[in-house]
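These numbers come from a predicted model, not from an experiment.
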Amino acid sequence: MTYEKSCGAVVFTLERGEIKFVLVRQKSDFYSFPKGHMEKNETEKQTAAREIFEEVGLSPVFIDGFLEKDEHPIPGKRGVIKHVVYFLAEYKDQTVNFCKDELLSAELVSYSQAMALFKHESSRRILKNAMDFISKIK
């Protein structure tokens with residue numbers, strides 16, 4: 001079994017008093033959180049920060065105390081498991097500007113919209129845990 005490691009974050013902002021989440025729509029036409037492959041000599045947070053900037057043009061602030069993990073087989077790569085680490089990050093006064101070479105779109109959506117857009121139960125679990133965490137600190 002081979003593992004590939006990626007890092008990203010549940011990225012959110014407050015828009016007119018409502019929490020909105022940044023979701024990226026992959027070229028394979030499913031929604032996820034911004035994330036990407038870890039490079040040598042990077043920490044998990046450095047990877048997440050770089051990937052968020054590369055994918056959606058944001059430089060959010062990471063919120064301490066939140067960490068979620070996910071593992072799943074990579075379709076089309078036999079015997080390869082993707083291990084993903086997610087942080088929680090908030091941004092203010094920035095504009096989402098997605099990478100058109102890598103993504104179909106990036107969208108700012110409510111909690112209920114995000115839950116409806118996700119195909120994978122693990123994404124819903126991570127979002128629910130993030131929302132619970134945000135509710136305790138905001």
Side-chain angles (χ1 to χ4, degrees):
M1 196 67 56
T2 305
Y3 290 87
E4 286 186 13
K5 187 168 187 178
S6 289
C7 302
V10 178
V11 181
F12 74 97
T13 192
L14 284 175
E15 189 177 82
R16 292 186 277 282
E18 183 182 8
I19 296 167
K20 297 282 185 130
F21 298 92
V22 176
L23 298 188
V24 296
R25 188 171 167 205
Q26 303 292 335
K27 294 257 182 173
S28 50
D29 202 26
F30 71 92
Y31 288 88
S32 68
F33 303 109
K35 67 181 180 313
H37 290 96
M38 194 167 191
E39 294 181 1
K40 290 180 182 176
N41 301 321
E42 278 185 329
T43 66
E44 292 173 339
K45 271 192 184 168
Q46 287 171 335
T47 298
R50 177 182 53 76
E51 287 291 342
I52 292 164
F53 186 76
E54 288 175 2
E55 287 193 349
V56 294
L58 299 173
S59 297
V61 174
F62 289 93
I63 297 172
D64 290 334
F66 182 89
L67 182 75
E68 287 286 327
K69 296 180 179 180
D70 186 27
E71 270 191 7
H72 57 272
I74 299 176
K77 288 189 175 182
R78 189 178 170 140
V80 181
I81 302 292
K82 178 169 274 223
H83 178 78
V84 189
V85 175
Y86 291 104
F87 298 97
L88 182 63
E90 181 178 18
Y91 75 95
K92 297 175 184 174
D93 303 320
Q94 298 176 55
T95 303
V96 174
N97 185 15
F98 74 95
C99 177
K100 292 169 183 63
D101 291 340
E102 291 185 27
L103 304 167
L104 291 176
S105 68
E107 300 173 32
L108 195 57
V109 299
S110 69
Y111 176 79
S112 60
Q113 288 170 314
M115 286 299 229
L117 288 170
F118 284 136
K119 288 182 180 178
H120 303 292
E121 192 55 43
S122 60
S123 297
R124 290 187 195 96
R125 172 186 52 82
I126 292 163
L127 181 62
K128 181 189 180 310
N129 291 345
M131 188 63 158
D132 291 346
F133 191 90
I134 294 166
S135 298
K136 291 176 187 170
I137 62 169
K138 292 284 181 188

Practice task
Determine whether Ile126 and Val109 fall in the same hydrophobic cluster, where Ile, Leu, Val, Met, Phe, Trp and Tyr are linked whenever their side-chain heavy atoms lie under 4.5 Å apart.
Solution key: yes
Exercise for the section: Answer whether the closest heavy-atom distance between the side chains of Val24 and Tyr31 falls below 4.5 Å. Expected result: no
Problem - Closest heavy-atom pair and its distance - Glu42, Gln46 - result: CA-OE1, 3.4 Å
Exercise for the section: Could you tell me whether the side chain of Leu127 reaches within less than 4.5 Å of the side chain of Met115, counting heavy atoms only? Expected result: yes
Problem - Gap separating the CD1 atom of Ile134 from the CD1 atom of Ile63, nearest 0.5 angstrom - result: 6.5 Å
Problem - Value rounded to 0.5 Å, distance of CG in Leu67 from NZ in Lys45 - result: 9.0 Å
Exercise for the section: Determine yes or no for a side-chain-to-main-chain donor-acceptor pair under 3.5 angstrom, with Glu18 supplying the side chain and Glu15 the backbone. Expected result: no
Handout entry: Residue pairs fulfilling ring pair (Phe, Tyr, Trp, His ring centres under 6.0 Å) with at least one residue in residues 46-85, sequence neighbours excluded
Key = Phe62-Phe87, Phe66-Phe133
Handout entry: Asp70 vs Tyr86 side-chain heavy atoms within contact, under 4.5 Å
Key = yes
Exercise for the section: Each residue besides Ile74 in its hydrophobic cluster should be listed here, by chain and number; the cluster joins Ile, Leu, Val, Met, Phe, Trp and Tyr at side-chain heavy-atom distances under 4.5 Å. Expected result: Val80
Fill in the blank from the handout: When Val22, Asn97, Thr13 are each screened for side chain to side chain contact (heavy atoms under 4.5 Å, CB included) with Leu58, the one that passes is Val22
Exercise for the section: Check which hydrophobic residues are tied to Tyr3 through side-chain heavy-atom contacts below 4.5 Å, counting indirect links as well, and list them. Expected result: Met1, Ile81
Handout entry: Sidechain-backbone polar pair: Arg124 side chain, Phe118 backbone, donor-acceptor under 3.5 Å
Key = yes
Practice task
Evaluate the side-chain proximity of Val10 to Phe21: yes if any heavy-atom separation is below 4.5 Å, no if none is.
Solution key: yes
Practice task
Decide, yes or no, whether a salt bridge links Asp29 with Lys119 under the criterion of side-chain N to carboxylate O below 4.0 Å.
Solution key: no
Practice task
Assess the side chains of Glu44 and Thr47: does a donor N or O sit below 3.5 Å from an acceptor N or O?
Solution key: no
Handout entry: Flag side-chain contact, heavy atom, 4.5 Å: Lys82 against Ser6
Key = yes
Exercise for the section: Quick one: pull up OG in Ser32 and CZ in Arg25 and give me the separation to the nearest 0.5 Å. Expected result: 12.0 Å
Practice task
Give a yes or no answer on whether the side chain of Glu55 reaches the backbone of Phe98 with a donor-acceptor pair at less than 3.5 Å.
Solution key: no
Exercise for the section: Give the cluster check for Tyr111 versus Leu117: same hydrophobic cluster or not, with ILVMFWY residues linked at side-chain heavy-atom distances below 4.5 Å. Expected result: yes
Fill in the blank from the handout: When rounded to the nearest 0.5 Å, the distance separating NZ of Lys20 from OG of Ser110 is 6.0 Å
Practice task
Under the side-chain hydrogen bond (donor to acceptor under 3.5 Å, both in side chains) rule, what do Glu107 and Ser105 come out as? Steps first, then yes or no, please.
Solution key: CA-CA 7 Å; Glu107 300 173 32; Ser105 68; 3.1 Å; yes
Problem - Distance-minimising heavy-atom pair for Phe33 and Ala9 - result: CB-O, 3.4 Å
Problem - Close side-chain approach of Glu51 to Pro34, heavy-atom, < 4.5 Å - result: no
Practice task
Would you kindly confirm whether Met131 and Leu23 end up in one hydrophobic cluster when ILVMFWY residues are joined by side chain heavy atoms under 4.5 Å apart?
Solution key: yes
Handout entry: NZ (Lys128) with more than 12 external heavy atoms under 6.0 Å
Key = no
Practice task
Answer whether the closest heavy-atom distance between the side chains of Glu71 and Val84 falls below 4.5 Å.
Solution key: no
Handout entry: Other residues, nucleotides, ligands: >12 heavy atoms within 6.0 Å of Lys27 NZ
Key = yes
Handout entry: Salt bridge flag under 4.0 Å for residues Arg125 and Glu121
Key = no
Exercise for the section: Under the side-chain contact (heavy atoms from CB on, under 4.5 Å) rule, what do Glu54 and Cys99 come out as? Steps first, then yes or no, please. Expected result: CA-CA 7 Å; Glu54 288 175 2; Cys99 177; over 6 Å; no
Handout entry: Side chains of Met38 and Cys7 in contact at under 4.5 Å (non-hydrogen atoms)
Key = yes
